[in-house]
There are 2 protein chains.
Amino acid sequence: MQATGRWADDIYAAIIERMIAGELSPGDALNELPLAEEFGVSRTPVREALQRLSAVGLVERGRRRAFVVKRLDPIAIQDLFEAVGELAALVAGMAALRMNEVERQALAAVTAAGEKDGVDYAEANARFHELIQQGAHNCVLASTIGDLSLRTLPWRGAQLRAKASRVEASRREHRAILDAILARDSAEAAALMRAHIGASFVGIVDMVRRRAETLPLRGPSTESPQATGRRAEPQEALEAGGPSPLRQEPQRNVF
Amino acid sequence: MQATGRWADDIYAAIIERMIAGELSPGDALNELPLAEEFGVSRTPVREALQRLSAVGLVERGRRRAFVVKRLDPIAIQDLFEAVGELAALVAGMAALRMNEVERQALAAVTAAGEKDGVDYAEANARFHELIQQGAHNCVLASTIGDLSLRTLPWRGAQLRAKASRVEASRREHRAILDAILARDSAEAAALMRAHIGASFVGIVDMVRRRAETLPLRGPSTESPQATGRRAEPQEALEAGGPSPLRQEPQRNVF
DNA sequence: TGCAGGTGTTATGTATACATATGCAAGCCT
DNA sequence: AGGCTTGCATATGTATACATAACACCTGCA
């Protein structure tokens, strides 16, 4: 029917983007047939996409074995954020010992670029953390952080854009981390990174905890916004916003 | 056709068990149709099982988009083993600070049990590491270690049974780790655990490196031992050796 | 004899039909 | 009137048929 084959990748990316956009909240149902009709494909690619989302931990099985956007209890959410912080700290400590001179200067340059007001801070921020992860010289740990960080997505939702007040603090923390790494102070780099990640997530953890206290056992969502009813052509639903960046970059950390 | 539904779980577990048994080596092809015929099901559940294996990182796409048992270059394998060791060290350090009195005494009891000659050391070993992971009070980190440790499976193969010489050293290391945890010495517990895991893996890493030097760019396997040719009844292939323990326990670490 | 292009085979990607399990609701029995 | 059972609706699990892409081999030409 089409040239590429493999709609599953596109559907996978599309669902993740809906989580980023806040259109899908934890607890929302992801039924196969409505998704298939909406994307204009059969259930098979949709199933593959949902299974992959399930494997990544973004989706779980709910009633009737249906897929729903993963809902974690507050303890598990805090565990998740803590795990991301601890792994980032571990990697930062390793990077402080292992980065070579080229990598150190690249990190210094990116840190300096992020302190200028003209550039997109989210971009500089992502590069900063990416360089540190590469600097640890352990691709498994780097990808593990990526996986865990991806699982934090549903709870970051619309909050992805960093708040202005947070940007200034983030810049200072990045600078301190850079100094520790340049000084090859592994323990200090790890401690600073742990605090940095924790500071980025504290607002979200608080929000999740408050929400959990308010709604004793129910989720934050009320209705699934999908299921438009008509059958769309595949291109219409999938490639509307240009090629998905998730095909290359799984996600972008914003700490 | 059958009562349970969900052959995919059984096939997933069966393939992992073949890796444990050494019947599947890194690089072996996992074609859908032969597997489907062998298990007596259609390609659909086989596809789901393979996709799940791919998500866990045990399997990757090879030529013609076919699934093959994952082959890592020696650097990636060392990264994997190092990542397991670093995470185990991290968790041990956290456990040293967070375990409560009941958990500490349980860990001491298991350590003592492992030092007696009558009991199965693999069992005591697994319980030891399990208790430490629980003692860190972070389920995400614990499951992450489980996932990574699962990925080491293809390279442990028949070597799963610990060598006798290694058992004695392992007991001493366990005792030292226990002492550090009981003393709430986080840094010491982490360092000892890192060394403990490293000592368990050093033989495998050496073997992988030697094998890589011997065979410049080819894998260790020569032929896929599957594809018996005839079509088996599902029960015959799947439930021959009793109910699969992998349905409940994903795998068992043997450090 | 070597290379290039085409064709055939094969395995995966997708679609669709059917089987099955589950949740809900209505009706019947107690 | 209430609880249990049964039937129905719906969504997932599985099977199979078809489309497609890629690799390999073969043949023809230079």
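Below, read A as the first sequence line, B as the second, and so on, with proteins coming before strands; counting in each chain starts at 1.
Listed pair B:N31 / C:dT10 fails the phosphate criterion, with no side-chain N or O lying under 4.0 Å from OP1 or OP2. Side-chain N/O atoms of A:T44 include none lying less than 4.0 angstrom from OP1 or OP2 on C:dT14.
One can place CG of A:L50 at 8 Å from P of D:dT12, the figure rounded to the nearest angstrom. Computed from coordinates, the B:Q51 CD to D:dG13 C1' distance equals 14 Å when rounded to whole Å. Nucleotide D:dA17 holds its C1' atom 14 Å from the CZ atom of B:R47, rounded to whole Å. With rounding to whole Å, A:W7 atom CH2 is found 21 Å from C:dT12 atom P. The distance between atom CD1 of B:I11 and atom P of D:dA15, rounded to the nearest whole Å, is 8 Å. Rounded to whole angstrom, the span from the CD atom of A:E32 across to the P atom of D:dT12 amounts to 4 Å. Here the P atom of nucleotide D:dT20 and the CZ atom of A:R6 are 16 Å apart, to the nearest Å. If you take CG of B:L35 and C1' of D:dT14, they are 17 Å apart, rounded to a whole angstrom.
Atom CG of B:L153 sits about 14.0 Å away from atom NZ of B:K70, to the nearest 0.5 Å.
Between the side chain of B:R64 and the base of D:dA22 there is at least one donor-acceptor pair of N/O atoms closer than 3.5 Å.
In terms of position along DNA chain D, the nucleotide closest to A:L33 lies nearer the 5' end than the nucleotide closest to the other residue of the pair B:R43 and A:L33. Comparing A:R65 and A:A8 against DNA chain C, the residue whose closest nucleotide sits nearer the 5' end is A:A8.
Of the candidates C:dT14, D:dA11, D:dT14, the closest approach to any side-chain atom of B:E48 belongs to D:dT14.
Results of the side chain to side chain contact (heavy atoms under 4.5 Å, CB included) test with A:L87 over A:L148, A:I197, A:D147 single out A:L148 as the only residue that passes.
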Test side chain to side chain contact (heavy atoms under 4.5 Å, CB included) applied to B:R47 and A:R47, step by step: CA-CA 11 Å; B:R47 280 177 68 83; A:R47 280 178 69 83; over 6 Å; no
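Take B:R98 and apply the side chain to side chain donor-acceptor pair (under 3.5 Å) test, not counting sequence neighbours, and it matches A:E82.
Shown here is A:L33, whose CG atom has more than 12 heavy atoms of other residues, nucleotides or ligands within 6.0 Å.
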